[in-house]
2 protein chains.
Amino acid sequence: MRRLYHLPLSPFSRKVRIILGEKGLEATLIPEKVWERRPEFLALNPAGEVPVLIDLDGTVVVDSQVIAEYLEEVYPDRRLMGFDPAARAETRRLVAWFDQLFQTEVMAHLLYEKVNKRFMGGGEPDSAKVRAGHQNIHRHMTYVTWLVERRKWLAGEEYGLADLTAAAHLSCLDYINAVPWDAHLPARDWYARVKSRPSFRTILADHIAGMPPPRHYADLDF
Amino acid sequence: MRRLYHLPLSPFSRKVRIILGEKGLEATLIPEKVWERRPEFLALNPAGEVPVLIDLDGTVVVDSQVIAEYLEEVYPDRRLMGFDPAARAETRRLVAWFDQLFQTEVMAHLLYEKVNKRFMGGGEPDSAKVRAGHQNIHRHMTYVTWLVERRKWLAGEEYGLADLTAAAHLSCLDYINAVPWDAHLPARDWYARVKSRPSFRTILADHIAGMPPPRHYADLDF
């Protein structure tokens with residue numbers, strides 16, 4: 001069986017889970033407490049991070065975007081990155097936007113401070129960072145709105161890796177009720193479309209003990 | 001003519017310059033002071049970062065790894081990422097290692113504090129960060145050594161994107177004499193091999209006004 005080492009509130013793990021869902025590929029999910037730095041896990045990924053995919057033939061693939069490229073090459077029937085080099089470049093540009101810029105400006109402030117620190121025993125959230133994260137998210141939501149007012153999906157006319165990557169990040173923040181949806185209605189409409197896809201069901205079913213999501217989290221008509 | 005917006009000491013820009021050299025593709029280099037946030041440049045790349053490539057047909061490609069994937073698709077004659085999905089995954093894993101982990105643990109501490117701050121008027125280097133960067137670099141040099149003691153090049157038997165990405169980062173640090181080569185001789189031997197390739201000549205010829213490199217920087221037998 002295919003295996004995916006992951007964490008429920010890791011946006012990078014969620015990205016891969018959604019890709020697997022879109023491509024119709026099954027995988028056993030194995031939660032990995034990366035902060036424990038298990039030697040057997042470090043042997044799989046010396047960088048010590050999730051996600052790590054072990055494919056049916058035993059190939060070990062590390063890093064969400066590396067896994068995305070690998071799955072697109074090995075399981076191309078359902079394409080998620082576009083059909084020509086320029087379209088793929090636009091998809092990858094937006095993936096990099098969320099995996100790097102959004103990650104640095106928003107996720108590292110909000111998710112890390114509010115969630116990761118708690119599980120890793122890192123102390124109280126830094127309120128200045130949390131405030132910065134709440135401020136920074138608006139420019140990204142504005143950018144999502146800008147895109148979906150010009151295109152059907154983030155990277156163009158087809159749903160794909162840009163949408164599911166952005167939604168993977170936002171879904172983690174939505175789990176802790178940190179997305180200002182009401183101030184960004186076109187972005188909310190786009191997210192509702194992503195959320196209603198079957199590939200998102202497993203994400204919406206996530207439930208972390210002692211940390212329930214807000215009621216709207218799994219609601220398709222939120 | 002193909003154009004590349006870049007900065008001489010941006011490891012991500014250097015990565016693309018070396019790829020262009022390996023593939024025999026010419027480009028006009030246009031320095032872009034990203035911290036000035038020129039509206040015309042932000043229109044090309046809303047993320048506001050170099051490198052940005054404008055290809056012959058006008059296609060705008062943003063982000064070093066997105067450019068690397070694009071060039072590998074559009075100009076495949078000289079392949080730099082490997083010949084099967086598992087080999088490409090290993091190449092991309094190491095690229096992500098340097099572009100993300102090495103960038104965060106070393107480059108952000110050393111290059112940002114010592115160089116970027118100076119050009120951007122950000123004040124004096126934070127000595128605690130500089131110290132952390134000098135400490136952190138050893139584990140990465142040890143990893144390079146571990147790899148080249150088991151393989152001819154970082155990702156396997158062929159020189160490729162993993163090597164040139166790692167060397168792009170290290171070359172920026174070498175320009176400010178911040179690489180502890182003497183403590184990592186196998187890594188130095190590997191770097192000497194990368195450095196002696198024709199694609200590296202333009203990198204070794206870089207000269208930033210008021211900030212000359214150490215004598216060994218451009219020396220192939222350093």
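Residue numbering restarts at 1 for every chain, and letters A, B, ... go by the order of the sequence lines.
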Let me see the working for B:R93 and A:V62 under side chain to side chain contact (heavy atoms under 4.5 Å, CB included), right down to the final yes or no. CA-CA 6 Å; B:R93 177 183 78 82; A:V62 157; 3.9 Å; yes
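Around NZ of A:K117, the count of heavy atoms belonging to other residues, nucleotides or ligands within 6.0 Å exceeds 12. Annotation: A:E40, atom CD; neighbour count of heavy atoms from other residues, nucleotides and ligands within 6.0 Å is above 12.
Using a 4.5 Å heavy-atom cut-off against chain B, no residue of residues 145-160 of chain A qualifies as contacting. Scanning residues 78-91 of chain A against chain B with a 4.5 Å non-hydrogen threshold yields A:P85, A:A86, A:R88, A:A89, sorted by number.
Taking both residues in full, the closest heavy atoms of B:P46 and A:Y143 are given as CG-OH, 3.6 Å, listed atom of the first, atom of the second, then distance.
Residue A:Q100 touches chain B through its side chain alone, counting heavy-atom pairs closer than 4.5 Å.
With contacts defined as side-chain heavy-atom distances shorter than 4.5 Å, the pair B:Q65/A:R92 does not qualify.
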